[in-house]
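Shown next, in structure tokens, is the structure this report addresses.
Proteins get letters first, then strands, A, B, ... in listed order; numbering begins at 1 in each. Please read all numbers here as calculations on a predicted model, not as lab measurements.
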Protein chains: 2
Amino acid sequence: MIELYELEQLLAFAQYGTLSKAAEEMNLSQPSLTRTMQHIEDEFRVSLFLRSKNRIELNENGKLAVDYTKKVFDDMKDMVEQVRAHDRRRRTITVASYAPAPLWDIPRIFSDYYPEMTVSTEIKNLEQIRLGLKEGIYQFAFLPEMLDSPDYISFPAMKEHLYFAFAPDHALAQEKELYFKDADGFNFLLRSDIGFWDLLCRKKMPASRFLIQTEDIVFTELIKSTSLPCFTSDLVTERAGIDNRISIPILDDEATQTYYLTYKKEYQKIFLPAIEQIKKAEIMK
Amino acid sequence: MIELYELEQLLAFAQYGTLSKAAEEMNLSQPSLTRTMQHIEDEFRVSLFLRSKNRIELNENGKLAVDYTKKVFDDMKDMVEQVRAHDRRRRTITVASYAPAPLWDIPRIFSDYYPEMTVSTEIKNLEQIRLGLKEGIYQFAFLPEMLDSPDYISFPAMKEHLYFAFAPDHALAQEKELYFKDADGFNFLLRSDIGFWDLLCRKKMPASRFLIQTEDIVFTELIKSTSLPCFTSDLVTERAGIDNRISIPILDDEATQTYYLTYKKEYQKIFLPAIEQIKKAEIMK
DNA sequence: ATGCCTTACGTTATACGTAATTATT
DNA sequence: AATAATTACGTATAACGTAAGGCAT
């Protein structure tokens with residue numbers, strides 16, 4: 001049988017033109033290359049080289065063999081890459097959501113039960129999430145509704161209510177409750193990576209401008225030092241209240257989101273403990 | 001690096017289910033297989049097996065690796081096959097013709113000049129011949145006309161005249177010359193593998209029946225012992241006359257064929273001596 | 001008890017290197 | 001003289017086998 005280490009030498013010869021140069025590049029002796037080329041020829045049982053007394057080159061057969069050899073090595077490379085990628089996927093749980101709040105506790109919960117696995121979370125739009133679920137890129141996802149398919153399991157895992165957060169001296173700070181349209185025209189500070197909420201605000205308040213802050217520290221600092229309005233939610237307040245702001249509930253239907261945890265049935269058994277933990281959390285009030 | 005002999009053992013294990021069985025089938029010891037599987041895993045740097053104390057099986061990674069391994073071996077097999085096929089083509093001259101006569105001397109002529117090469121001749125229809133010339137399946141071909149293309153060389157190499165060969169007591173035996181239609185309705189003995197002539201006779205003499213003889217000896221014997229008419233040609237007569245038959249020339253245009261030797265320009269230099277020999281033969285009267 | 005996998009250790013095959021030879025530029 | 005390929009021979013790596021141990025059915 002021809003071995004790959006031999007074909008590797010053949011490729012080096014094809015690349016460098018002489019056995020000497022190829023041997024040097026591979027840190028081998030010239031005689032080694034000579035022998036290997038002879039052995040490959042023996043195995044093919046056809047001549048692959050044109051030999052003069054101190055010159056050797058590929059003939060037509062040899063060139064063809066080199067082409068195929070490249071293909072074989074490409075396949076080998078593919079194989080290792082794909083198997084490694086598959087292994088990575090096997091030991092990574094990826095959870096997607098269209099809003100940030102449902103993901104806050106996810107890494108901790110999964111890591112508790114499966115310490116050997118990597119937990120990865122992503123905020124994406126709904127279209128991407130549904131596709132990713134189907135293609136197995138995401139094992140779990142939070143969606144705004146039940147996914148009605150026999151292949152999936154889906155249950156309400158969390159509810160979030162959005163609030164305006166005004167400085168005490170803001171014109172609307174004394175209201176009991178408001179609709180989006182009531183604040184349309186005011187400019188707001190907004191965190192980046194809040195997924196769906198970003199789109200919703202822009203849609204509901206087309207006259208407002210939203211000042212996006214990528215850095216969390218910068219956002220917090222601006223809240224303290226300016227009177228610019230921003231948003232908050234019951235879930236945000238639970239974790240860390242916002243100083244010097246008055247929260248006013250938003251009455252629009254869309255300001256209340258229910259997050260449905262959704263996953264393929266095949267994961268029910270494997271990840272049962274973590275799923276139970278999410279259910280038990282009962283952030284569903 | 002992973003070597004093919006290792007992947008071969010992996011395939012055997014995938015096929016036979018246990019290392020012991022695989023080792024037996026490959027005439028190796030079980031420990032050898034154990035070591036190889038460990039080495040493959042080392043090289044992949046991911047786990048490929050599910051190990052219990054006295055049981056080993058492929059996990060998902062392993063199954064994927066086996067799939068890719070099959071592909072690699074398919075490619076290896078392809079490579080050897082294709083290179084060998086290419087080599088065979090390289091050392092075989094294949095000459096095609098739409099009639100048998102031009103091929104009679106071809107093997108001798110080419111073998112004289114290129115004793116290391118195999119000469120193969122084929123009788124095919126014109127469509128197949130033109131395609132085969134283009135695709136390089138045939139290096140040379142005899143065609144009924146010049147091939148007008150800058151990539152090819154073409155010259156008239158031979159001329160053949162077809163004759164009726166009647167028994168002396170046949171109704172038409174005393175004619176000086178005839179057209180096909182004059183003999184339409186009589187039944188003829190015919191050799192198989194005469195290419196174009198077969199089609200021509202059937203077209204020109206639709207009322208006749210043709211009794212095909214595959215065996216040359218049978219044909220000759222039937223000619224001697226029956227008075228059934230057959231065909232001959234000037235080229236046939238040159239080689240071996242037919243006893244007890246009277247040859248009568250056929251006047252239809254198609255009964256005279258000029259055979260044009262045709263080949264790609266790239267062969268002009270390589271095969272010059274043989275080509276010159278064919279030209280010199282001057283069977284063009 | 002038998003079958004299967006693994007580890008440890010000794011043996012053998014073979015891939016590699018060194019040195020010498022021949023030929024070409 | 002320098003460069004290249006090949007041949008011959010010695011060396012070292014590593015692939016293999018044998019023997020022994022542990023676990024499961």
Base, sugar-phosphate, or nothing: which does [X] touch, judged by heavy atoms less than 4.0 Å apart?
X	value
Ser29(B)	base
Arg35(B)	base
Leu28(A)	sugar-phosphate

Practice task
Using atom types as modelled and distance alone, determine if a side-chain donor or acceptor of Asn59(B) lies under 3.5 Å from a backbone N or O of Ser47(B).
Solution key: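 Yes; judged by distance alone, with no hydrogens or angles, the pair exists.
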Exercise for the section: Determine yes or no for a side-chain-to-main-chain donor-acceptor pair under 3.5 angstrom, with Ser154(B) supplying the side chain and Leu147(B) the backbone. Expected result: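 Yes, Ser154(B) side chain to Leu147(B) backbone: donor-acceptor pair under 3.5 Å.
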Handout entry: From CA spacing to verdict: ring pair (Phe, Tyr, Trp, His ring centres under 6.0 Å), Tyr138(A), Tyr263(A)
Key = CA-CA 8 Å; Tyr138(A) 307 129; Tyr263(A) 49 94; over 10 Å; no
Do any N or O atoms of the protein come closer than 3.5 Å to N or O atoms of nucleotides 21-25 of chain D, and which pairs are they?
| unit_1 | atom_1 | unit_2 | atom_2 | d |
| --- | --- | --- | --- | --- |
| dC23(D) | O2 | Asn54(B) | ND2 | 3.4 |
| dA24(D) | O4' | Asn54(B) | OD1 | 3.3 |
| dA24(D) | O4' | Asn54(B) | ND2 | 3.3 |

Just the rounded figure in Å: distance from [atom2] of [N] to [atom1] of [X].
X	N	atom1	atom2	result
Arg55(A)	dT6(D)	CZ	C1'	15 Å
Asn27(A)	dT18(C)	CG	P	12 Å
Phe49(B)	dC4(C)	CZ	P	17 Å
Glu6(A)	dC16(C)	CD	C1'	13 Å
Gln9(B)	dG17(D)	CD	P	9 Å
Glu3(B)	dA13(C)	CD	P	20 Å
Leu19(A)	dT22(C)	CG	P	20 Å
Leu4(B)	dA15(D)	CG	C1'	16 Å

Exercise for the section: Could you work out which one of dT6(C), dA15(D), dA8(D) sits closest to the side chain of Pro31(B)? Expected result: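 Looking only at heavy atoms from C-beta outward on Pro31(B), the closest nucleotide is dT6(C).
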Exercise for the section: Could you work out which one of dT6(D), dA15(D), dT6(C) sits closest to the side chain of Thr34(B)? Expected result: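 So the side chain of Thr34(B) is nearest to dT6(C).
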Problem - Donor-acceptor side-chain pairing of Glu24(A) and Tyr16(A) below 3.5 angstrom - result: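 No, no side-chain donor-acceptor pair sits under 3.5 Å.
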Exercise for the section: May I ask you to check whether His86(B) and Glu60(A) show a side-chain donor-acceptor distance below 3.5 Å? Expected result: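 No, because no side-chain N or O of His86(B) sits under 3.5 Å from a partner of the opposite role on Glu60(A).
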Practice task
Please determine if Lys159(A) forms a cation-pi arrangement with Tyr259(A), meaning its NZ or CZ atom is less than 6.0 Å from the six-membered ring centre and no more than 45° off the ring axis.
Solution key: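 Relative to the ring axis of Tyr259(A), which defines the angle, Lys159(A) lies outside at least one limit.
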Practice task
Report yes or no: is the cationic atom of Lys279(A) (NZ for Lys, CZ for Arg) under 6.0 Å from the centre of the six-membered ring of Phe155(A), at an angle within 45° of the ring normal?
Solution key: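 That pair qualifies as a cation-pi contact.
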Problem - Nearest heavy atoms of Leu7(A) and Met79(B), plus distance in Å - result: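 Minimum heavy-atom contact is CD1-CE, 4.0 Å.
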Handout entry: Closest non-hydrogen atom pair between Pro100(A) and Ile194(A), with its separation
Key =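 The pair with the smallest heavy-atom distance is CD-O, 3.5 Å.
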Problem - Asp74(B) with Lys77(B): basic N within carboxylate O range, under 4.0 Å - result: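 No, no charged N to carboxylate O under 4.0 Å.
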Practice task
Have a look at the helix from dA1(C)-dT25(D) to dT25(C)-dA1(D) and give the angle its two end axes make, five pairs each, rounded to 10 degrees.
Solution key: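 End axes: 20° apart.
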Practice task
Could you tell me whether the phosphate oxygens of dC5(C), OP1 or OP2, come under 4.0 Å of any side-chain nitrogen or oxygen in Arg51(B)?
Solution key: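 For Arg51(B), the contact criterion (side-chain N or O under 4.0 Å from OP1 or OP2 of dC5(C)) is not met.
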Problem - Upstream residue (5' side of DNA chain C) when Gln38(B) and Ser32(A) are each assigned their closest nucleotide - result: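 It is Gln38(B) whose nearest nucleotide is closer to the 5' end.
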